[in-house]
Amino acid sequence: MAKNIPLTTIGVKVSWAVEVTAGTRPTTGYKVIHGIYSTPDLNIAPSTVDVTSFDDTVFTRKAPVLKDIPDNMEYGVKYGKQFKKDWDEMYVAYANAKAAGKEMWFCEDIPDDGDEDFNNAYFYTVIPTKFSKPALEANGAIDTTAYATYTGSYEEGNSPTYA
């Protein structure tokens, strides 16, 4: 019987790539965005609709419908020069991809635990938001949030090849 060994976030990579062929998720050339320390939850409960009829006399009945993705997906960031460089490069690449009719894919890659059968990379299409000035507080690290909008494509698979 397999044991459930919990994983950690040590070594997680958040990266991006632009489609080479429109409509096809890239598997190579992903570029890591440094400084990200939290990602949005896509394990979202479905919305429900009431399907109660006059036949029901004790409880209402519900049916699952679409999941409601947040308007903005939030990425917690430890702000620094490398993050700013990475995000700005990614944003320019998105603008060029959009002009060419292609999408941008983000990947959240959780390193395996040494088990060859474990593949835990999550891929999804986004429209990144141009990064602006973060909030600043005296005597503290600059923690901020970067945003992207989920556009509807989602896949799980093997870790990508990085550029």
Side-chain angles (χ1 to χ4, degrees), residues 6-20 22-49 62 64-113 118-163:
L7 299 174
T8 71
T9 58
I10 296 170
V12 165
K13 292 180 179 79
V14 177
S15 59
W16 63 272
V18 169
E19 293 174 338
V20 174
T24 303
R25 175 178 62 84
T27 57
T28 62
Y30 281 78
K31 294 186 176 184
V32 174
I33 304 168
H34 297 88
I36 293 178
Y37 67 83
S38 70
T39 64
D41 188 356
L42 288 179
N43 185 31
I44 299 168
S47 297
T48 59
V49 293
K62 303 288 183 181
V65 292
L66 298 175
K67 295 178 178 185
D68 189 15
I69 294 292
D71 289 339
N72 290 294
M73 295 176 50
E74 299 182 2
Y75 299 84
V77 174
K78 298 290 185 188
Y79 186 76
K81 291 178 185 178
Q82 188 63 52
F83 164 76
K84 180 77 164 80
K85 179 182 175 222
D86 293 346
W87 195 268
D88 288 350
E89 177 187 0
M90 181 261 313
Y91 188 79
V92 169
Y94 164 74
N96 293 333
K98 180 180 177 185
K102 298 176 182 177
E103 292 206 75
M104 173 166 285
W105 288 77
F106 269 20
C107 175
E108 296 176 23
D109 186 8
I110 301 171
D112 70 34
D113 61 352
F118 181 78
N119 299 312
N120 215 16
Y122 301 95
F123 301 88
Y124 49 93
T125 54
V126 298
I127 298 171
T129 299
K130 185 171 175 59
F131 191 81
S132 191
K133 186 200 87 58
L136 304 172
E137 294 183 26
N139 198 35
I142 303 175
D143 287 353
T144 190
T145 306
Y147 299 95
T149 303
Y150 174 76
T151 60
S153 294
Y154 173 85
E155 296 179 21
E156 295 181 23
N158 295 328
S159 298
T161 301
Y162 296 97

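Side chains are part of it too, since the values below use all heavy atoms of this structure and drop only hydrogens, waters and symmetry mates. Note that the structure is a prediction, hence the values are computed from the model and not measured.
Here N120 contributes atom CG and N158 contributes atom CG; the two are 10.5 Å apart, rounded to the nearest 0.5 Å. Atoms OG1 and CE, from T151 and M104 in turn, are 11.0 Å apart once rounded to the nearest 0.5 Å. Residue Y37 holds its OH atom at 14.0 Å from OH of Y75, rounded to the nearest 0.5 Å.
At most 12 non-hydrogen atoms from other residues, nucleotides or ligands lie less than 6.0 angstrom from CG of D71. Atom NZ of K98 is surrounded by 12 or fewer heavy atoms from other residues, nucleotides or ligands within 6.0 Å.
Between G29 and A17 the shortest heavy-atom distance is O-CB, 4.2 Å. Of all the heavy atoms in T39 and E108, the pair that sits closest is OG1-OE1, 3.2 Å. Considering all non-hydrogen atoms of both residues, S47 and D68 come closest at OG-CB, 4.0 Å. Among all heavy-atom pairs drawn from A148 and V126, the shortest one is CB-CB, 4.0 Å. The two atoms that bring A121 and C107 nearest to each other are CB-SG, 4.0 Å, heavy atoms only. Contact detail for V14 and I36: the closest heavy-atom pair is CG1-CD1, 3.8 Å.
Residues V65 and T48 form no side-chain contact, since every pair of their non-hydrogen atoms from C-beta on lies 4.5 Å or further apart. Side-chain contact between W105 and S153 is present, with at least one heavy-atom pair separated by less than 4.5 Å. Side chains of L42 and Y154 form a contact here, defined as non-hydrogen atoms less than 4.5 Å apart. In this structure, D109 and P160 have side chains that are in contact, with non-hydrogen atoms separated by less than 4.5 Å. At least one side-chain heavy atom of I69 sits under 4.5 Å from a side-chain heavy atom of I44.
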Which donor-acceptor pairs under 3.5 Å do the side chains of residues 134-146 make with protein atoms, sequence neighbours left out?
from, atom 1, to, atom 2, distance (Å)
D143, OD1, K78, NZ, 3.0
D143, OD2, K78, NZ, 3.1

Residues 81-92 side chain polar contacts: donor-acceptor under 3.5 Å, at least two apart:
from, atom 1, to, atom 2, distance (Å)
Q82, NE2, D86, OD1, 2.7
K84, NZ, D88, OD1, 3.2
K84, NZ, D88, OD2, 2.7
D86, OD2, H34, N, 2.8
D86, OD2, H34, ND1, 2.8
W87, NE1, T129, O, 2.9
E89, OE2, K31, NZ, 2.6

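Each of W16, Y30, Y150 was checked for a ring-ring contact (aromatic ring centres under 6.0 Å, His included) with F123, and the lone residue meeting it is Y30. A side chain to side chain contact (heavy atoms under 4.5 Å, CB included) with Y124 is found for exactly one of E155, M73, E156, E103, namely M73.
Within the structure, the salt bridge (Lys or Arg N to Asp or Glu O under 4.0 Å) test picks out no pair touching residues 123-135 (sequence neighbours left out).
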Where do I110 and L7 land on the side chain to side chain contact (heavy atoms under 4.5 Å, CB included) test, with the steps shown first? CA-CA 8 Å; I110 301 171; L7 299 174; 4.0 Å; yes

